[in-house]
Amino acid sequence: MKKLLTTILSLGVAASAAIAGDLSLTAAKVSDDLAKVTADSALWSKAKFATVELYPQTAIEFNDKKAVEANKGNKGKKAQVAAVHNGKDLAIMIKWPDGTKSVQGSHSSDTYSDGFAVQFASNSKQPLPYIGMGSAGRPVVVHLQKSTAAVYEPNGNKDVSTQLNRQQTGVFNEELAAYDAKVKGLAKTDYERVFVGEGFRSITEIKDGSVKSNASMNYNNGWTGTLVRPIKDAYMDGTGTAAVALAVWDGDKMGRNGLKNLSSWVAVNLEGMKPNAKVVSEATEAPKGDAAKGKEAADANGCAGCHQITADAPESVMAPSLVNIGGYSTAAYLRESILKPSAVVVPGYNRNAHANTPWYTIEKGKRVSTMTDYSFLDKATVENIVAYLKTLKAEVE
Ligand code: HEC
């Protein structure tokens, strides 16, 4: 982001042609230069908004008790999402509800900022990756924008750890005022990062400027975030259809890392290009099984022996909580989790978890899930369980 806009966004609700929980939308073709697009750019009036639901990511419990308490019973959020493209760049806008504006101070470690991330599947020929982290052989590129107070970055490389601390300058009174003024002039109000990931603990920041992106966020009784990036670069190819997932953090609830609301994969079709049928069908696949029978099968097969499945059931240290899994997972991912538990391994990082119940072991250098392999189940039963898992999600606020 080059400059933080304070302009108030006033997009008419009339522009929103929303169907609840849409998992595909069309990026309108425009001829504008998108490089400097922000929330108040006029071209958004050409875009159609779709409602995308974002659910609390509850797979792994945090060690921070206060944060866990603050996030108990979190609901799903309805975001309005639109996209435009000009054949070269893709711009995405997300508007999401947040009753309090949380901006992280530049020197405080106990405040958390609101923020959002737009994530793309890198390779549209692979099955869609694990959301948030990517998975082995299925990378993601993640654009993160946080709302931060002015940060002084002497190196201009967004390295917050090297920022100057006002308290440690050794100057007072007028000198300090002069120093403050100087810092203000140099400060950037930006916190924009780009990461690539190919599985848990493989997330790395791209610091060499090789991604030409621009993100911004504005608060007006709720947030509006925008991101512009090339349709295609070394990190991803969204030609035809970009597979996009969205995440938002609530600083007021100490949200950070996995403490966020997350969408499932959304197929963003680029108007005027041939859609990528594989991405579209994977992102929008509705489960074909019978959810009621799936619940019976899940009970009969002991899923609840390891997993917390409903919010009123006790939490389990044995396995990720599935309380919101239906809100941010595709049917394909759920099917794969049942049939090939080790294809994507959620490692867990709760150090309070019982040492005798690790979620994976290492065999020949590879993580192997401790989950029972259910590939013995017949196809219909698996589809029923998938349909049941898709119903597991919080109410939407
Ligand atoms: C023996 C314990 C155990 C049983 C029984 C079990 N699981 Fe799991 N499951 C795990 C563990 C551990 C993980 C995390 C490691 C991994 O990703 O495989 C997991 C992961 C998952 C995930 C991915 C979660 C995420 O956040 O991405 C899904 C979905 C899942 N299990 C569904 C099921 C279903 C459905 C059943 C019953 C048919 C079941 N599990 C039975 C232990 C178990």
Side-chain angles (χ1 to χ4, degrees), residues 55-62 119 127-136 138 140 197 199-202 245 247 257-265 285 287 289-311 313-350 353-363 366-394:
Y55 289 91
Q57 193 176 31
T58 41
I60 296 166
E61 182 163 342
F62 257 57
Q119 162 176 203
L128 291 173
Y130 183 82
I131 285 186
M133 302 284 163
S135 34
R138 305 179 215 166
V140 289
F200 281 84
R201 298 179 189 147
S202 74
N257 304 332
L259 264 186
K260 59 178 181 263
N261 274 49
L262 182 62
S263 76
S264 186
W265 286 112
E285 184 192 342
D290 177 325
K293 283 189 185 149
K295 182 181 183 321
E296 282 168 23
D299 288 346
N301 284 286
C303 311
C306 293
H307 292 280
Q308 179 192 22
I309 294 182
T310 53
E315 280 155 29
S316 169
V317 295
M318 303 280 289
S321 167
L322 300 182
V323 166
N324 283 294
I325 195 84
Y328 47 75
S329 300
T330 61
Y333 173 70
L334 296 170
R335 192 176 295 121
E336 183 185 72
S337 297
I338 298 167
L339 296 172
K340 289 188 215 154
S342 297
V344 174
V345 174
V346 182
Y349 52 66
N350 190 342
H354 198 282
N356 289 335
T357 60
W359 294 2
Y360 67 92
T361 56
I362 303 270
E363 280 165 40
K366 281 191 117 182
R367 290 190 193 129
V368 177
S369 174
T370 55
M371 173 164 153
T372 316
D373 180 338
Y374 286 96
S375 51
F376 63 85
L377 292 174
D378 63 78
K379 212 169 167 248
T381 305
V382 172
E383 290 312 306
N384 291 343
I385 297 176
V386 168
Y388 172 54
L389 294 178
K390 281 294 272 182
T391 68
L392 302 178
K393 50 190 180 187

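First listed ligand is number 1; within each ligand, the first listed atom is number 1. Please read these numbers as outputs of a predicted model, since none were measured by experiment.
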Any protein N or O within less than 3.5 Å of an N or O in ligand 1? List each pair with its distance, or say none.
residue  : atom   : partner : partner atom : Å
ligand 1 : 7 (N)  : His307  : NE2          : 2.8
ligand 1 : 9 (N)  : His307  : NE2          : 2.8
ligand 1 : 17 (O) : Val344  : O            : 3.2
ligand 1 : 17 (O) : Val346  : N            : 2.8
ligand 1 : 18 (O) : Pro341  : O            : 3.2
ligand 1 : 18 (O) : Ser369  : OG           : 2.6
ligand 1 : 27 (O) : Tyr333  : OH           : 2.5
ligand 1 : 31 (N) : His307  : NE2          : 2.8
ligand 1 : 40 (N) : His307  : NE2          : 2.8

Side-chain touch Thr372/Asn301, heavy atoms, less than 4.5 angstrom: no
Partner of Val344 by side-chain contact (heavy atoms from CB on, under 4.5 Å), out of Arg367, Glu336, Met133: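 So the option named by the test is Glu336.
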With sequence neighbours excluded, residues passing side-chain contact (heavy atoms from CB on, under 4.5 Å) with Glu285: Lys288, Ala331, Arg335
Partner residues of Ala380 under the side-chain contact (heavy atoms from CB on, under 4.5 Å) criterion, sequence neighbours left out: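 Counting only residues at least two positions away or on another chain, Ala380 forms a side-chain contact (heavy atoms from CB on, under 4.5 Å) with Asp378.
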All side-chain hydrogen bond (donor to acceptor under 3.5 Å, both in side chains) counterparts of Lys260, not counting sequence neighbours: Gln57
Trace of the side-chain contact (heavy atoms from CB on, under 4.5 Å) decision for Val346 with Trp359: CA-CA 7 Å; Val346 182; Trp359 294 2; 4.0 Å; yes
